[in-house]
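What follows is a short report on a single structure.
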Amino acid sequence: MSGAEKIQVKVTEVTPLNALVTRFRFEAVDGSLLPTFSGGAHTVVEMQDGGITRLNPYSLMSDPYDQSAYTISVRRDDAGRGGSLFMHNQVKTGDEMVISYPVNLFSLDLRARKHLFIAGGIGITPFLAQIHQLEHFNGHWELHYSCRSEALGSYADELSHSHPNKTHIYYDDQDQRIGLQHLLEGQPLGTHVYVCGPKGMIDWVKSTAEAESWPADNIHYEEFLAPQPGKPFQVKLAISNKTIEVGEHESLLEAMEREGVDAPYLCRGGACGQCETRVIDYQGNFIHRDHWLDDNEHASGEKIMPCVSRFEGKTLVLDH
C-alpha cells in the first residue's frame with residue numbers, strides 16, 4: 001500500500017444501522033493504541049476480494065481522542081465496483097484487515113469562530129468525528145443534515161438527542177429542504193462552512209456561498225470520487241519501462257498497482273493530489289474526473305490523476 005503506512009486491525013463490531021448503512025469498528029491486532037487523528041480524517045481500507053485487491057477510503061467517525069478503536073460507516077452501493085458490497089457481505093466480527101494511517105484532507109479550521117456543517121446522506125460521517133473534537137473544548141458548531149427518509153437517516157436520532165439545539169434534520173421524502181441562502185446570510189463573521197455529501201449538494205453549497213461573497217478560504221468540502229468505468233486503453237510508463245492495459249472496470253492507478261508499480265496515493269478519490277502524474281506524450285483525449293487539477297491544467301494535457309481519470313486514444317506515455 002503506497003502513501004500512508006499500514007495498520008493491522010481486527011474487526012470487533014459489525015452493526016447494521018439501516019437498510020443501506022453498516023458501521024464497522026476496528027481495533028489494533030496487537031492490542032496497542034491506534035494513531036491519533038483529527039476530525040475529518042479518513043483511512044483507506046484494504047479488501048482482499050478473491051483475486052482482486054480493493055482499496056477504498058472511508059471517513060473516520062469515532063472520537064479522535066479515543067485511541068482504543070476506529071469506526072467507519074459504509075453505505076452499500078449495489079451498482080458500485082464492489083468495495084461496499086464486500087464490506088457488507090464478507091466482513092464479519094473477528095476478521096483481520098489492513099487499513100492505512102489516518103490522512104486528513106477535510107480538517108477543521110480552528111481559526112473559525114463558528115463551524116457550519118452541511119451533510120447529505122453518508123456524508124454525515126466526517127462530521128461525527130469533528131463534532132466529537134469540537135465538544136472537547138466547547139467549540140461553536142451547527143449541523144444541517146439532509147437524509148432521504150427517517151428510515152435512512154443514519155445517526156439522525158442520536159445527533160438530535162445529544163445536541164438538540166445544534167442539529168437540524170431534513171427528510172427528502174417529507175419535502176424538507178435546507179434554506180441555504182437564508183442560512184448563510186445569517187451566520188456571524190468568521191464562520192466557516194463545511195459540506196460533505198453528493199456532488200450536487202457540494203456544488204450547490206459552493207456556488208451559493210460564492211454568490212453570497214463568502215471568502216473561498218471559509219468554504220470546505222470533501223467528496224471522494226469512485227473511479228468510473230470506460231473504454232479499455234493502453235498506457236506506457238517511461239521510467240518503469242512497462243506497457244499496461246487498463247481494463248474497463250479498473251482505474252489507471254489500479255492497473256499500475258496490478259503490474260507491480262508502486263504508485264503514490266493518499267485518498268484514491270481525486271482530491272489529495274498525491275498521485276498527480278506528468279504526461280510525456282499522448283494522442284487522444286483525457287477524461288478528467290478529479291478535484292485537484294484546475295481547468296487550465298486539464299486543458300493542457302500535461303497532467304493526469306490516475307486514481308479517477310481515464311484516457312481515450314492511441315498513445316499515452318506517462319512519467320512513471
Side-chain angles (χ1 to χ4, degrees), residues 13-25 37-42 58-66 69-76 84 88 106-110 112-188 191-198 200-202 204-205 208-209 219-223:
E13 291 180 15
V14 177
T15 308
L17 300 178
N18 54 49
L20 291 178
V21 178
T22 295
R23 182 174 64 235
F24 300 87
R25 176 185 171 93
F37 69 94
S38 55
H42 72 271
Y58 295 107
S59 296
L60 293 170
M61 48 166 286
S62 44
D63 186 340
Y65 292 86
D66 179 3
Y70 292 159
T71 56
I72 64 170
S73 290
V74 179
R75 183 189 183 278
R76 193 186 76 241
S84 70
H88 276 251
F106 190 52
S107 59
L108 294 168
D109 190 325
L110 298 180
R113 298 179 62 183
K114 179 181 178 183
H115 305 271
L116 177 63
F117 300 140
I118 300 175
I122 198 61
I124 189 61
T125 52
F127 296 128
L128 295 171
Q130 291 181 337
I131 289 169
H132 280 303
Q133 181 176 336
L134 289 170
E135 285 294 295
H136 278 282
F137 55 88
N138 297 315
H140 190 18
W141 62 272
E142 177 182 345
L143 170 68
H144 294 260
Y145 176 24
S146 180
C147 315
R148 284 170 55 182
S149 65
E150 289 188 33
L152 295 176
S154 303
Y155 305 105
D157 290 344
E158 175 184 320
L159 287 162
S160 296
H161 176 75
S162 300
H163 310 286
N165 298 322
K166 299 180 180 181
T167 299
H168 309 270
I169 310 295
Y170 307 81
Y171 296 111
D172 293 348
D173 65 345
Q174 298 179 33
D175 201 30
Q176 298 172 346
R177 300 289 183 269
I178 299 172
L180 184 59
Q181 183 175 350
H182 178 73
L183 178 62
L184 294 177
E185 289 174 350
Q187 297 304 313
T191 298
H192 283 234
V193 62
Y194 306 77
V195 56
C196 185
M201 169 178 271
I202 293 172
W204 172 56
V205 172
T208 304
I219 306 168
H220 312 270
Y221 63 94
E222 180 173 64
E223 179 194 17

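Expressed to the nearest 0.5 Å, how far CG of Leu110 lies from NE2 of His192 amounts to 10.0 Å. Annotation: the span from Asp157 atom CG to Ile169 atom CD1 amounts to 8.5 Å, rounded to 0.5 Å. Separation of atoms CG (Leu183) and CD1 (Ile178) is listed at 7.5 Å; rounding is to 0.5 Å. Within the model, atoms OG of Ser154 and CD1 of Ile122 stand 5.0 Å from one another, a figure rounded to the nearest 0.5 Å. Separation of atoms CZ (Phe24) and OG1 (Thr15) is listed at 9.0 Å; rounding is to 0.5 Å. Note that the CG atom of Leu180 and the CD atom of Glu185 stand 9.5 Å from one another [nearest 0.5 Å].
Two residues are said to be in side-chain contact when any heavy atoms from C-beta on lie closer than 4.5 Å; Val74 and Tyr58 meet this criterion. With contacts defined as side-chain heavy-atom distances shorter than 4.5 Å, the pair Gln133/Phe137 qualifies. In this structure the side chain of Leu60 reaches within 4.5 angstrom of the side chain of Ile72, judged on heavy atoms.
Side-chain N or O atoms of Ser62 include one that pairs as donor or acceptor with a backbone N or O of Thr71 at under 3.5 Å. Of the possible polar contacts, none joining the Glu222 side chain to the Cys196 backbone as a donor-acceptor pair under 3.5 Å is found.
The nearest pair of heavy atoms linking Leu20 to Asn18 is N-OD1, 2.9 Å. The shortest non-hydrogen separation linking Gly120 to Pro198 is O-CD, 3.8 Å. The two residues His132 and Pro64 come nearest to each other via the heavy atoms CB-CD, 3.8 Å.
The side-chain contact (heavy atoms from CB on, under 4.5 Å) check on Ala209 picks up Leu184, Trp214, Ile219, with sequence neighbours excluded. Applying the ring-ring contact (aromatic ring centres under 6.0 Å, His included) rule to His168 yields the partners His144; only residues at least two apart in sequence or on another chain are considered. In this structure Glu135 satisfies the side chain to side chain donor-acceptor pair (under 3.5 Å) test together with Trp141, Lys166, sequence neighbours excluded. Scored by the salt bridge (charged side-chain N to carboxylate O under 4.0 Å, His left out) test, Arg23 finds no partners at all (sequence neighbours excluded). Listed by chain and number, the residues in a ring-ring contact (aromatic ring centres under 6.0 Å, His included) with His140 amount to none (sequence neighbours excluded). Every residue two or more places apart in sequence or in another chain that forms a ring-ring contact (aromatic ring centres under 6.0 Å, His included) with Phe127 is listed here: Phe106, Phe117. For Asp173, there are no salt bridge (charged side-chain N to carboxylate O under 4.0 Å, His left out) partners, not counting sequence neighbours. With sequence neighbours excluded, the residues satisfying side chain to side chain donor-acceptor pair (under 3.5 Å) with Ser73 are Tyr155. Under the side chain to side chain donor-acceptor pair (under 3.5 Å) criterion, Tyr70 pairs with no residue at all, not counting sequence neighbours. For Arg75, the side chain to side chain donor-acceptor pair (under 3.5 Å) criterion is met by no residue, not counting sequence neighbours. The salt bridge (charged side-chain N to carboxylate O under 4.0 Å, His left out) search around Asp172 returns Arg177, not counting sequence neighbours.
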Quick one, His136 with Asp63, criterion side chain to side chain contact (heavy atoms under 4.5 Å, CB included). Give me CA distance, side-chain angles, the key distance, then yes/no.
CA-CA 10 Å; His136 278 282; Asp63 186 340; 3.0 Å; yes
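Residue pairs meeting the side-chain hydrogen bond (donor to acceptor under 3.5 Å, both in side chains) criterion with at least one member in residues 112-125, sequence neighbours excluded, are Lys114-Glu142, Lys114-Gln187, His115-Tyr194.
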